[in-house]
There are 2 protein chains.
Amino acid sequence: MTDRDDAVPALAEAFREHGFEGASLAQLSAATGLGKGSLYNFFPGGKDEMAAAVLANVDAWFTGNVFAPLRNATPGDADAIDAMFDAVVYYFRSGRRVCLQGAFALGRERDKFAATISGYFGEWIESLAAALRGAGVRDSEARASAAEAVAAIQGGIILSRALDEPEVFTQTVVRQRARLLSHFTG
Amino acid sequence: MTDRDDAVPALAEAFREHGFEGASLAQLSAATGLGKGSLYNFFPGGKDEMAAAVLANVDAWFTGNVFAPLRNATPGDADAIDAMFDAVVYYFRSGRRVCLQGAFALGRERDKFAATISGYFGEWIESLAAALRGAGVRDSEARASAAEAVAAIQGGIILSRALDEPEVFTQTVVRQRARLLSHFTG
DNA sequence: GTCTATACAGTGATAGAC
DNA sequence: GTCTATCACTGTATAGAC
């Protein structure tokens, strides 16, 4: 654990609150408690490298807490699906916390971090589809169903923030959880 | 029709491509073909007023092409639902075009345009729920089902852009359309 | 490694000539 | 009404003292 890694969570929160363009170096400096000089010492590439480090950190969290458990689930066992939704509710703070990859996908940042963003969502859908296939769902339906769940989560974040009603996100998760688990009861 | 209204569509595209913070006055000037002086003549409030005019313009389009048809649908008739999805696919260019209200909901712009954004999604959900109630769906389920559809559309835009696969959005619409129409076949 | 000082391009916005 | 010129300011990034 270097000091560089210690700064990443603070950077993440700053990017989530202000967006990539909206997060100025002054704010990033204040959020981390590091002077601009120190920030450029850890991230010579500037804001781009800071954002890349943040995205990689988020990806690592999801790999460990979501993607890998879905991949390693025993076929036909719904627990990994349940755990995924629990992790999602926790990570996105019931919809109050923005998904950086999702927010970046809507803006100019998409071009700059295209591979990372694509990889994040692609792996989420693929690992979830793998768990669904374990319940006997055929491949094309598993992928479509997985994409639908991931899209619903992303849309749930937007809606709950737009309406300022966290229950919208919670409800979205409840419904998607039930929908996916119904594959396992048959 | 004033020259002000003529500039709004060009401003909308600029905001969609670059985001609110990312769209500089130089770009807005280039997109509209108007000098900064002219822009400030039409929009004395600057960027904020331009964005507000764009959001109002989008809202008006949806009111005329989506919300009102849903409200005026004859109870039990699914045509308005079908028309909504057609309009959505057209408006969002099969997921290639960003939803400004959705993008703003994820950033700092949310605070500045809170009422407009909330009103847009609130009316979308309410008008869609009204059409579903016309098919005999009880109120709480109608609202939840409507919110799920709107969230899926927003998430579909994110996913299709993130993966650079318009088919993801198209598939989302296909599935949601089928899900909502199933209320009418009973 | 950390900070302060600074370079310099670009920002939103305004003034004023035409 | 339209543009150009300009304003004050903030942006990212760097240099250099400590």
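Residue numbers begin at 1 in each chain, while the letters A, B, ... track the order of the sequences.
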inquiry  = Do the side chains of B:D164 and B:R161 get close enough for a salt bridge, i.e. N-O under 4.0 angstrom?
reply    = no
note = To the nearest angstrom, the CG-C1' distance between A:L25 and C:dA9 comes to 14 Å
task = Find the distance A:F43:CZ to D:dA13:P and express it as a whole number of Å.
result = 13 Å
key: For atom NZ of A:K112 and atom P of D:dT12, their distance in whole Å   = 11 Å
query = So, A:S145 and A:R143: side-chain donor and acceptor under 3.5 Å apart, yes or no?
reply = no
note = Out of D:dC3, C:dG12, C:dT2, minimum distance to the side chain of A:S38 belongs to C:dT2
task = Using whole Å, report how far CD of B:E21 lies from P of D:dG11.
result = 10 Å
inquiry  = In the structure I gave you, are the side-chain heavy atoms of B:T32 and B:V8 within less than 4.5 Å of one another anywhere?
reply    = no
remark   = To the nearest angstrom, the CZ-P distance between A:F42 and C:dT2 comes to 4 Å
query = Which whole-number value in Å describes the distance from B:D6 CG to D:dG1 C1'?
reply = 15 Å
ask   = Can you tell me how far P of C:dC3 sits from NZ of A:K36, to the nearest Å?
value = 13 Å
task = Using the ring of B:Y90 (Phe, Tyr or Trp, six-membered ring only), decide whether B:R93 places NZ or CZ under 6.0 Å from its centre and within 45 degrees of its axis.
result = yes
task = Pick base, sugar-phosphate or nothing for A:G37, based on heavy-atom distances below 4.0 Å to the nucleic acid.
result = base
request  = Identify which nucleotide among C:dT2, C:dA13, D:dC3 has an atom closest to any side-chain atom of B:Y40, counting heavy atoms from C-beta outward.
outcome  = C:dA13
request  = Can you tell me the distance, in whole Å, between the CG atom of A:N41 and the P atom of C:dT4?
outcome  = 15 Å
